[in-house]
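One structure is given here, and the rest of the page talks about it.
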Amino acid sequence: MTTPATASTGSATGAGSRGSSGASSLAAVPLTPIFVRLKLSLLRNGLKGSSKRKAVYFSSLAFALVVGFFVTLGLALLHGNAHAGTVVVLLAGLLALGWAFMPLFFPTGDETLDPSRLVMLPLRPRPLVRALLVSSLVGIGPLFTLCLAVGSVLAVARGAVGAVAAVVAAPLLVLGCVTLARAVATANVRLLSSRKGRDLAILSGLLIAVGGQVVNFGSQRLFQAGGLTTLEPVEAVVRWLPPATAVGMVDSASEGAYGVAAAQLALTVAAVAALLWFWERSLTRLMVTPDSSTIAAARPTKDRGAGGVWSLLPAGRTGAAVQRTLRYAVRDPKTKAAWVTALAIGMIIPVFNALQGTGSVYLACFGASMLGMQMYNQFGQDTSAFWMVAQTISNTRDAYVELRARAFALALVTVPFTVLVTVVTAAVIGDWSSFPAATGLSLALLGSMLCTGALASARFPYSIPSDGAFKNVVPGQAGLAWAGILGGLLVSAVISAPVIVLTIWLNAADHHGISWIVLPVGVAWGALVAWAGLRLSAPTVARKLPEILSAVSKG
């Protein structure tokens with residue numbers, strides 16, 4: 001006779017057996033073809049219903065194929081050149097570097113980079129690694145990498161042994177690059193899905209811009225110093241760094257250094273195996289370790305807003321507004337990107353031109369103008385949170401104090417930085433006699449941009465969308481943005497004209513001994529016009545507050 005308890009136990013046991021059987025059968029299914037079909041389905045479904053996406057994808061594919069063909073052809077034509085090994089080994093190193101860091105900058109480019117979506121499935125790490133690795137070879141990036149790998153080995157392969165080594169090296173290079181990208185992405189998947197990961201995506205444009213300046217400077221120095229011969233010491237190191245060792249192995253085998261080639265091949269295989277092991281461990285840890293969103297935050301938090309450096313700020317609305325503005329610059333991704341970009345480019349342009357021998361101390365004004373642009377659209381930078389600030393503005397005095405505090409927060413960073421850029425530029429060029437005039441002119445320009453930035457914020461506010469790393473204006477408000485920025489730059493140049501004219505006259509008349517007078521004049525003029533701009537903007541802000549609130553809240 002079966003009791004209810006026995007029946008219940010039997011049902012549970014049966015269900016558990018069926019669940020275990022289902023999990024075992026699922027685990028026994030070959031994962032690799034499933035994941036390849038899944039990758040192809042993601043690509044196909046992502047193109048459905050959008051002609052724009054189809055056009056972008058197929059044009060990108062065509063561009064990659066055309067560029068890949070010509071790059072492969074160009075590398076193959078290097079065959080027999082004395083510097084062919086240097087070029088292709090360094091190219092392999094740059095290729096691996098790009099594969100390692102691009103997933104961190106563009107985490108949303110491939111949805112399969114996030115294995116945390118598979119945590120609820122009964123999948124073992126090792127078969128999952130194989131499946132993800134094979135599916136990762138499907139796409140435009142691996143295809144372009146294969147073209148570069150084939151061209152690289154063709155450039156250095158000579159003789160029968162070199163040809164055999166080339167056949168092994170090309171897939172090893174692609175496999176090493178893809179495995180490196182997957183291992184790095186899996187180890188940082190929690191970062192990629194967090195706010196800091198979105199910060200990396202936004203700051204990627206800055207890093208590319210900085211990298212472009214570095215490459216430009218390096219290429220000029222390279223050709224001035226005697227060409228590719230100067231890179232041979234670097235290449236001698238890179239050829240022992242996997243996966244560039246795969247290309248180095250082909251070059252060594254072609255030259256008859258079979259022992260060196262064998263060592264480089266062993267190092268390449270060992271590096272790929274180590275990356276696969278690290279990837280599997282990271283994947284296992286990711287699958288079994290809960291993230292912070294599933295753990296109760298029981299630790300008490302303490303208020304850090306009242307102490308430290310914040311205690312040095314003035315009390316009342318001014319100190320609160322300064323602290324809020326600086327915290328936005330540190331915590332808000334788009335505000336942080338704008339600040340870091342302005343600081344980096346403002347330093348790079350004057351200093352790099354000085355290093356190239358084509359710069360001037362007065363080019364430090366470029367850094368001041370980059371930083372002064374952060375004053376534009378002050379209320380739009382708050383996005384929809386501006387309504388909380390708007391509740392505290394009831395008259396012209398409140399508007400003036402708010403604008404003054406924001407300008408003061410900007411000046412706390414921009415004034416020391418402007419002086420620093422001028423000091424570094426003058427030190428590199430060795431023209432300390434122009435340092436006072438350049439500093440005074442830069443600070444006068446900065447004060448003028450604080451003036452016009454306050455006016456533009458009051459008269460031409462626009463909304464900054466919260467979505468999209470590179471979207472800075474919502475549709476329909478681009479005219480407002482351009483009117484405020486371009487108009488402000490032109491007016492700033494006009495406002496700074498007295499100091500500019502004074503500087504030009506002192507230099508043209510050879511009055512270099514008294515050019516220091518531009519420094520106090522520039523500081524006084526900048527402070528005066530900044531104060532005037534804040535005073536003129538405050539009534540407009542108080543009067544048009546509902547319109548400003550409506551304009552900045554559209555995103």
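Worth knowing before you read on, the calculation uses all heavy atoms, side chains too, and leaves out hydrogens, waters and symmetry mates.
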Minimum-distance pair of heavy atoms, taken over all atoms of L363 and P350: O-CG, 3.6 Å
Reported OG1-to-CG distance for the pair T86 and L78, which is rounded to 0.5 angstrom: 10.5 Å
Side-chain donor-acceptor pair present, S448, S496, cut-off under 3.5 Å: yes
Validation row: L410, L371 side chains within 4.5 angstrom (heavy atoms): no
S433 and D431: side chain donor to acceptor below 3.5 Å: yes
Heavy-atom check, side chain of V491 versus side chain of M449, under 4.5 Å: no
Any side-chain heavy-atom pair of L502 and L441 under 4.5 Å: no
L506 atom CG, over 12 foreign heavy atoms within 6.0 Å: yes
Heavy-atom closest pair, residues W525 and A444: CD1-CB, 4.4 Å
Flag, side chain of R317 to backbone of T392, donor-acceptor distance under 3.5 Å: yes
Interatomic distance, L61 atom CG to I140 atom CD1 [nearest 0.5 angstrom]: 5.0 Å
F379 side chain reached by R406 side chain, heavy atoms, under 4.5 Å: yes
Intermediate values then yes/no, side chain to side chain contact (heavy atoms under 4.5 Å, CB included), T422 and T425: CA-CA 5 Å; T422 314; T425 308; 5.9 Å; no
P546 backbone acceptor or donor facing S550 side chain under 3.5 Å: no
Separation between OG of S369 and CD1 of I345, rounded to the nearest 0.5 Å: 11.5 Å
Polar side chain donor-acceptor pair, N507 to Y362, under 3.5 angstrom: yes
L446 side chain reached by T418 side chain, heavy atoms, under 4.5 Å: yes
E402 and R324 ion-paired at < 4.0 Å: yes
Euclidean distance, L545 CG relative to T540 OG1, rounded to 0.5 Å: 12.0 Å
Stepwise side chain to side chain contact (heavy atoms under 4.5 Å, CB included) check, F366 with M347: CA-CA 9 Å; F366 180 83; M347 175 67 80; over 6 Å; no
Side chain to side chain, Y376 and L455, heavy atoms closer than 4.5 Å: no
Nearest heavy-atom neighbours spanning V413 and L343: CG1-CD2, 4.3 Å
Nearest non-hydrogen partners of L445 and C365, listed with the distance: CD2-O, 3.6 Å
Side chain to side chain, L490 and L486, heavy atoms closer than 4.5 Å: no
Where P539 and T396 come nearest, the two heavy atoms and their spacing: N-CG2, 3.8 Å
Nearest-0.5 Å distance that lies between atom CZ in F386 and atom CG in L549: 6.5 Å
R239 vs V247, side chain to side chain contact (heavy atoms under 4.5 Å, CB included): CA-CA, chis, key distance, verdict: CA-CA 8 Å; R239 68 168 48 231; V247 180; over 6 Å; no
Pairwise distance OG1(T452) to CG(L450) - rounded to 0.5 angstrom: 8.0 Å
Verdict with supporting geometry, L443 and V415, side chain to side chain contact (heavy atoms under 4.5 Å, CB included): CA-CA 7 Å; L443 294 177; V415 171; 4.2 Å; yes
Main-chain N/O of A454 paired to S537 side chain as donor or acceptor, under 3.5 Å: yes
P243 to L173 - nearest heavy-atom pair and separation: O-CD1, 3.6 Å
Minimum side-chain heavy-atom gap N395-D398 below 4.5 Å: yes
Under 3.5 Å: donor-acceptor pair, side chain of S457, backbone of Q378: yes
